[in-house]
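First comes the structure, then the notes that go with it.
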Number of protein chains: 2
Amino acid sequence: MTSTPGLVGAVRQGSLRELNLAVVLGRIAAAERPPSRADLAAETGLTRATVSAVVEDLITGRLVTEADPAPRSGAGRPARGLVLAGDGPAGLGLEINVDYLAACVVDLAGRVRHHTVHRADLRPHSPADALARLVDLAGRARADATAQGLTLAGAALAVPGLVDDAGTVRLAPNLGWRDVPVPSLLAVHPPLTDAVDGVPPLVVDNEANLAALGELHADPDGPASFLHISGEVGIGAGIVLDGALFRGARGWSGEIGHIPVSPEGRPCRCGGRGCLEQYAGQEAILAAAGLAGADLPADTAAARLAELAGSGAADVLGALREAGTALGVAVAGVVNLLDLDTVVLGGGYAPLAPWLRPPVLAEISRRVLTAAWSPVTVRPAVLGADAAAVGAAGSVVRRIITRPAGWLARAG
Amino acid sequence: MTSTPGLVGAVRQGSLRELNLAVVLGRIAAAERPPSRADLAAETGLTRATVSAVVEDLITGRLVTEADPAPRSGAGRPARGLVLAGDGPAGLGLEINVDYLAACVVDLAGRVRHHTVHRADLRPHSPADALARLVDLAGRARADATAQGLTLAGAALAVPGLVDDAGTVRLAPNLGWRDVPVPSLLAVHPPLTDAVDGVPPLVVDNEANLAALGELHADPDGPASFLHISGEVGIGAGIVLDGALFRGARGWSGEIGHIPVSPEGRPCRCGGRGCLEQYAGQEAILAAAGLAGADLPADTAAARLAELAGSGAADVLGALREAGTALGVAVAGVVNLLDLDTVVLGGGYAPLAPWLRPPVLAEISRRVLTAAWSPVTVRPAVLGADAAAVGAAGSVVRRIITRPAGWLARAG
DNA sequence: CACTATTTGTTCAGCGATTGAATTATTTGG
DNA sequence: CCAAATAATTCAATCGCTGAACAAATAGTG
């Protein structure tokens with residue numbers, strides 16, 4: 001890993017078309033309203049002739065379709081609007097978590113075309129068993145997608161833990177997994193999707209990362225850089241910089257739960273002391289609210305807290321204020337370091353956002369140097385608990401949009 | 001600022017050559033030993049014919065020269081090694097700090113060809129006055145460069161503060177600057193260099209950012225991602241990810257000095273409490289070591305502390321241990337968040353590294369989840385106090401290497 | 001209703017850059 | 001001295017973009 005900046009592969013003759021396919025498709029995807037070929041030519045600086053040729057490739061590859069006459073006023077031949085095809089490739093998103101499995105299918109345009117959640121406590125089951133159930137769920141999702149005329153172009157699996165490049169789950173504490181080689185365990189099943197352009201048929205990634213991508217995907221007009229915090233039993237963060245997920249040197253970025261917020265404070269199971277998780281993790285909040293022994297399923301605990309807080313329970317309000325302050329201390333550090341202007345409260349934090357937001361904002365305005373010039377926005381996530389599954393499917397779709405050549409080569 | 005990922009400009013016909021110029025030049029720059037045209041063809045996948053054509057452009061543009069016969073063994077026509085030209089374009093690096101001005105010139109190959117430091121307390125002077133002195137220093141640097149056959153292709157100025165896109169210094173607390181429009185103040189002087197490819201003749205950037213780039217530049221075989229910490233009166237950090245500087249949404253990333261390390265601890269001039277700067281900043285270390293009133297020049301304070309620590313002064317050792325622990329707490333949070341595997345102690349921390357390193361490492365191993373699998377390296381910076389000036393010059397050189405077409409168009 | 005202005009999208013010759021094979025250049029080894 | 005081997009160049013072919021001309025389709029105008 002030496003420092004060879006920008007060493008992209010050489011640009012061969014055909015790469016030109018590959019790159020322009022991506023450029024044009026990216027513009028179509030990012031546009032507010034269906035652009036015409038002429039619009040695209042003006043935006044990109046390419047000739048109308050070139051854009052026409054590129055668009056023709058995209059249309060025959062079923063990535064783009066012509067929309068109804070665009071609402072363009074004025075004289076002249078009416079433009080034909082271009083939109084992402086709703087019946088071409090789609091992404092399969094899977095999620096495996098402590099007490100549920102989920103599968104969903106998202107089409108190119110970003111619409112969720114299929115969604116199933118299977119509730120079950122997975123901790124007693126072996127990884128192989130859990131994955132077998134997941135394959136079953138995925139099979140049904142694929143059947144539904146096929147029935148709708150969609151073709152799955154890849155799959156991504158969200159796991160609540162650290163995943164290495166090979167797709168092995170190195171550590172998923174709440175699931176009780178350690179060094180689980182997901183791809184080889186899945187090899188006994190028929191492949192979920194075909195490999196496209198060298199990308200394996202199933203990509204495994206961290207839940208917090210994919211949830212952040214889901215948020216990016218669900219709100220195309222939102223900011224291009226933000227911090228997405230998933231508050232579950234552990235606290236994970238997905239860092240989106242300039243529209244792309246930042247994964248860190250080894251893909252293990254975002255462990256915000258173990259940022260120290262009180263250096264010699266409560267001992268943490270990670271071995272350190274005073275980690276954020278001990279103050280703003282789900283268990284810590286429940287304990288502070290006097291609900292320690294309630295043993296609620298992970299995904300209902302947040303809803304329950306929100307309900308109690310809404311009815312004005314004093315100890316719950318106090319617990320949330322304390323958690324929000326701890327969260328704010330950690331977030332202030334992150335914002336100082338990365339200069340982000342948006343923080344999204346996701347996962348279990350989303351329903352609690354009304355109570356967490358004020359203390360988080362207070363700490364930010366106290367501690368962030370640049371907050372005076374440009375304020376930091378703190379808002380709840382748009383997607384709910386299934387953000388990771390949707391984000392996983394969206395990551396597949398996004399890969400097609402940023403590199404359409406692979407799909408086109410496959411589709412013929 | 002909407003989320004339009006990877007919306008690079010379209011790829012026009014001529015971009016092909018532009019991109020391949022960058023690819024080939026980048027390989028030559030990154031190579032361990034002078035590569036031949038055939039090596040480059042094999043590495044990049046381009047044809048030997050194409051590589052020859054590209055290399056010819058680079059040679060006539062004075063970016064590359066043929067080295068002495070390469071030490072290649074075996075039969076066949078001997079290869080002609082290609083190296084970065086030492087007599088073509090060069091970068092001018094400038095630095096303005098509390099008690100000195102610096103100018104240096106770095107050639108394409110990365111050698112420092114000129115270096116001047118002018119010591120003077122700049123706080124009493126107006127920004128315009130300080131900049132006038134800097135222009136004088138820069139003029140002499142340029143004269144020296146010209147005498148050596150070099151052509152300045154751009155300049156960069158390092159400032160200890162926050163700089164916006166336009167080059168205005170929004171806030172440089174230790175210099176006492178606020179909203180200083182550097183480019184327009186410099187407009188009264190003749191331009192230091194010509195504009196190349198739309199980049200203004202002088203780029204203003206944060207000192208910590210440029211120092212990190214200097215480190216990247218000084219150690220080409222080092223890691224591609226690291227955190228570089230400049231410990232001066234304030235504490236700044238430069239974040240290098242994958243060989244590129246990460247600047248944040250607005251270019252104000254790296255304010256590590258105000259990460260909370262003891263949330264309700266000592267009040268900080270930023271308005272917060274318990275900021276790292278209050279525990280590991282130069283003033284804090286001096287105070288803890290019982291040297292508060294010494295009023296040392298900023299750049300000798302570190303040397304003095306190192307000297308005292310080397311001779312075993314107990315209170316200095318204690319102060320450094322305490323500072324190192326605070327630094328370690330903050331760094332652990334950063335490493336958890338960004339998953340970096342290398343931390344470089346730069347600026348005033350470099351000479352103190354022998355004493356700071358152990359407590360920093362201790363906090364990291366306590367608090368970083370992934371430290372067990374892949375250890376985090378903490379090491380002193382290679383460059384000394386002038387890292388920022390060298391890094392500034394290096395940033396100019398780096399821009400030429402990553403985008404040679406601009407220079408070639410200018411050179412004709 | 002005919003006519004013009006206007007904008008969109010396509011067609012086509014031209015051109016620049018890459019390609020692949022053939023050719024030349026230069027050295028080692030027998 | 002000759003064959004083998006490797007490096008670099010030459011050159012016709014090809015691929016994709018360019019620019020201009022052209023066809024298509026509509027709104028406005030008298």
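Labels below follow one simple rule: chain letters A, B, ... track the order of the sequence lines, proteins then strands, and each chain is numbered from 1.
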Only one of B/V106, B/L210, B/L383, B/V382 passes side chain to side chain contact (heavy atoms under 4.5 Å, CB included) with B/H217, and that residue is B/V106
Once you apply a heavy-atom cut-off of 4.0 Å, does A/R48 come out as touching a base, just sugar-phosphate, or nothing?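 Base contact - A/R48 has a heavy atom under 4.0 Å of at least one base atom.
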Classify the nucleic acid contact of B/A38 as base, sugar-phosphate or nothing, counting any heavy atom under 4.0 Å across all strands shown. sugar-phosphate
B/L16 or A/A53, whichever maps to the more 5' nucleotide of DNA chain C: A/A53
Assign each of A/A49 and A/G14 to its nearest nucleotide of DNA chain D by heavy atoms, then name whichever residue's nucleotide is nearer the 5' end. A/G14
Select one nucleotide: of [options], the one nearest the side-chain heavy atoms of [X].
X	options	result
A/Q13	C/dA17, C/dT8, D/dT18	C/dA17
B/R17	D/dT18, C/dT6, C/dA17	C/dA17
B/R77	D/dC17, D/dA7, C/dT10	D/dA7

How long is the line joining [atom1] of [X] and [atom2] of [N], in whole Å?
X	N	atom1	atom2	value
A/N20	C/dA17	CG	C1'	15 Å
A/R37	D/dA23	CZ	P	19 Å
A/L19	D/dC17	CG	C1'	13 Å
A/L21	D/dC15	CG	P	16 Å

Is it the case that the side chain of B/T146 and the backbone of B/R142 share a donor-acceptor pair, with hydrogens and angles ignored and the cut-off at 3.5 Å?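 Flag set: sc B/T146 to bb B/R142 pair under 3.5 Å.
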